[in-house]
Peer 1: 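Have a look at the structure that comes next, please.
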Amino acid sequence: MTTRRNFIKKTTAGSAAVTLGAMGMPILTKANILSPNDQLQVAVIGVRSRAKALTMGINKSPNVKIIYNCDVDDTIIEDHNTWSQKTIGYVPKVEKDFRKMLEDKDVDAVFIATPEHWHAPMAILALQAGKHVYVEKPCSHNPYENGLLVEAQKKYGKKVQMGNQQRSAKTSIMAVQDIRNGIIGEVYKGEAYYSNNRGSIGEGKIIDVPSSLDWELWQGPAPREAYKDNVHPYNWHWFRNWGTGEIHNNGTHEIDICRWALGVDLPETVTSFGGKYTFQDDWEFVDNQQVTYSFSGNKFITWTGHSRGLMKPERPGRGATIYGSKGTIELSRESYQLYGLDGEVIKTELEGGTSATIDTMGAGDLDGMHIANFFNAIRIDEPQNSPIADASVTTMLCHLGNMAQDAGETIQIDTTTGKVLNNEKAMASWKREYEAGWEPKL
């Protein structure tokens, strides 16, 4: 854990005192925010693909240095070291076991881009070690972890930002403000969609674990399984033991934008239709899905996810459309378009930069902006664009979409807790089974 002496060393000059909370952890207040002149030292955990986008985003912020790259696969680390030297001009220290890195008091913040079953447990361990956390979406593997992470942030007092980077898009911020000011009248519907044309993942064969991979640490909190040749490094997304399906993998982004624009939190009911329609393989989630969320105030959000098979090839790969009584707004990571009720374009606002939409890295200008907001929150207490207390609500919506699909019927939601009412089948996935000794705890 961060020592009191080290924490004081990194606080603003002239700070009178540091308030200690439970377990002796410092509580971050305006009196002990890092000075803008202090160098932030960070670690990146899980460095194959998405981490490269994060690294480029981190590198855009002044007075920040990556001092650790962490990954359980030596081959991925070696490739990333080469890429780092070429891209950012230096190679950070390497640590295969992130827990050893967390012991280093010089690490101020961690960026988590691991498989999803590690997101919340790793973030909680980092908070307990006194680190600020930037965690890729989804912030949890299951609803239980969702709430636990929010409580951990409150308990340890550090900043936690989720990587739903469109929250930092100037055009999306502008659009939401325009919506609040009534530009399209009374908003009532948000339509989130994503299309891709993923191939079959086949039927995996049990093989020896590659010598480069620490399979035990890769699995971490997940119950143990034999190593198969179609899981690592990417297809874990489609296995329930480690992933959460397309609604989390990509739907989190657009569902989040719709929820933000409509000004809603947890839904009253959730209905999901869909199935696995394309390939006979090991994929364990639906690959085409339609979810409808209903909210108080007669508002609703729909999620249309086509993981495999471009059902509407004329439509952009992803986006969000917000419907109001006086018009419609289409939002992407690169633009904001306002339409009247007659369908004519009233105005178009461009982001001014590009961001990838359907590749596995998802790199773009928004990463740098979202990360800069996270760093400013640490340094000067700037309001976060995606604090975990809010981001977790969007993650919960995605969990509820999967739970409704598994239940096979409309589920009723307790809007204060997110729990499903009177449905044991749906609630069976509220909390996962953990490998002995690995369950996250506060």
Side-chain angles (χ1 to χ4, degrees), residues 42-60 66 68-88 91-92 94-96 98 101 110-119 122-123 133-139 141 161-166 194-199 201 210 212-215 217-220 227-239 242-253 283 285 307-308 317-318 333 354-368 370-371 374:
V42 306
V44 180
I45 312 172
V47 296
R48 177 178 170 267
S49 180
R50 178 64 187 146
K52 290 178 171 54
L54 295 178
T55 297
M56 290 187 286
I58 294 166
N59 201 46
K60 291 177 181 177
I66 301 170
Y68 282 101
N69 282 330
C70 300
D71 203 286
V72 295
D73 192 321
D74 292 333
T75 300
I76 289 173
I77 279 287
E78 290 171 8
D79 289 344
H80 191 70
N81 285 348
T82 301
W83 179 89
S84 294
Q85 183 63 57
K86 180 179 178 180
T87 307
I88 64 174
V91 177
V94 170
E95 181 53 69
K96 201 164 185 176
F98 78 96
M101 174 275 297
V110 300
F111 286 74
I112 299 172
T114 62
E116 292 160 359
H117 70 289
W118 258 122
H119 284 189
M122 191 174 285
V133 177
Y134 184 109
V135 59
E136 276 299 297
K137 53 80 211 158
C139 64
H141 178 268
Q161 178 115 309
M162 191 171 83
N164 46 339
Q165 62 268 27
Q166 196 172 329
Y194 174 85
S195 294
N196 207 333
N197 198 17
R198 303 183 189 278
I201 65 171
S212 65
L213 176 65
D214 185 336
W215 181 234
L217 190 53
W218 189 98
Q219 293 181 93
Y227 183 81
K228 289 186 176 181
D229 61 3
N230 65 343
V231 172
H232 175 68
Y234 184 79
N235 287 332
W236 53 263
H237 282 94
W238 322 122
F239 293 86
W242 311 295
T244 51
E246 197 73 88
I247 192 170
H248 281 281
N249 185 42
N250 278 296
T252 308
H253 291 290
W283 187 293
F285 291 93
S307 295
R308 309 199 283 188
R318 67 188 317 152
R333 296 183 182 184
T354 60
S355 292
T357 57
I358 60 172
D359 66 15
T360 59
M361 188 183 299
D365 288 357
L366 297 187
D367 292 316
H370 204 51
I371 290 168
F374 173 59

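What's counted below: heavy atoms across the whole structure, side chains too, no hydrogens, waters or symmetry copies.
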Peer 1: How long is the span from the CG atom in D74 to the CG atom in D214, to the nearest 0.5 Å?
Peer 2: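 Rounded to the nearest 0.5 Å, the CG-CG separation comes to 9.0 Å.
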Peer 1: Taking side-chain contact (heavy atoms from CB on, under 4.5 Å) as the test, write out the residues that go with H237, two or more places apart.
Peer 2: E116, Y234, N249
Peer 1: Is the centre of the H117 ring less than 6.0 Å from the centre of the W218 ring?
Peer 2: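 Ring-ring flag for H117/W218: true, centres closer than 6.0 Å.
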Peer 1: Within this structure, what is the NZ-CD1 distance for the pair K228 and I201, rounded to the nearest 0.5 Å?
Peer 2: 9.5 Å
Peer 1: Yes or no on side-chain contact (heavy atoms from CB on, under 4.5 Å) for F239 and V231, after CA distance, side-chain angles and deciding distance?
Peer 2: CA-CA 8 Å; F239 293 86; V231 172; 4.0 Å; yes
Peer 1: Only one of R48, Q85, K52 clears side chain to side chain donor-acceptor pair (under 3.5 Å) with H80; which?
Peer 2: K52
Peer 1: Y227 vs L213, test: side-chain contact (heavy atoms from CB on, under 4.5 Å). Steps then yes/no.
Peer 2: CA-CA 11 Å; Y227 183 81; L213 176 65; 3.6 Å; yes
Peer 1: Scan side-chain atoms only and decide if D73 and S212 contain a donor-acceptor pair under the 3.5 Å cut-off.
Peer 2: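 S212 and D73 do have a side-chain donor-acceptor pair below 3.5 Å.
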Peer 1: Taking the six-membered ring where the residue is Trp, are the ring centres of F111 and F374 under 6.0 Å apart?
Peer 2: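 Yes.
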Peer 1: Looking at residues at least two apart in the chain, or sitting in another chain, which of them share a side-chain contact (heavy atoms from CB on, under 4.5 Å) with F285?
Peer 2: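 For F285 the side-chain contact (heavy atoms from CB on, under 4.5 Å) partners, ignoring immediate neighbours, are R240, W283, N402.
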Peer 1: Identify the two heavy atoms, one from I77 and one from C70, that lie closest to each other, and give their separation to 0.1 Å.
Peer 2: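 In terms of heavy atoms, the two residues are closest at CD1-C, 4.2 Å.
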Peer 1: Which of these passes side-chain contact (heavy atoms from CB on, under 4.5 Å) with D367: M56, K60, R50?
Peer 2: R50
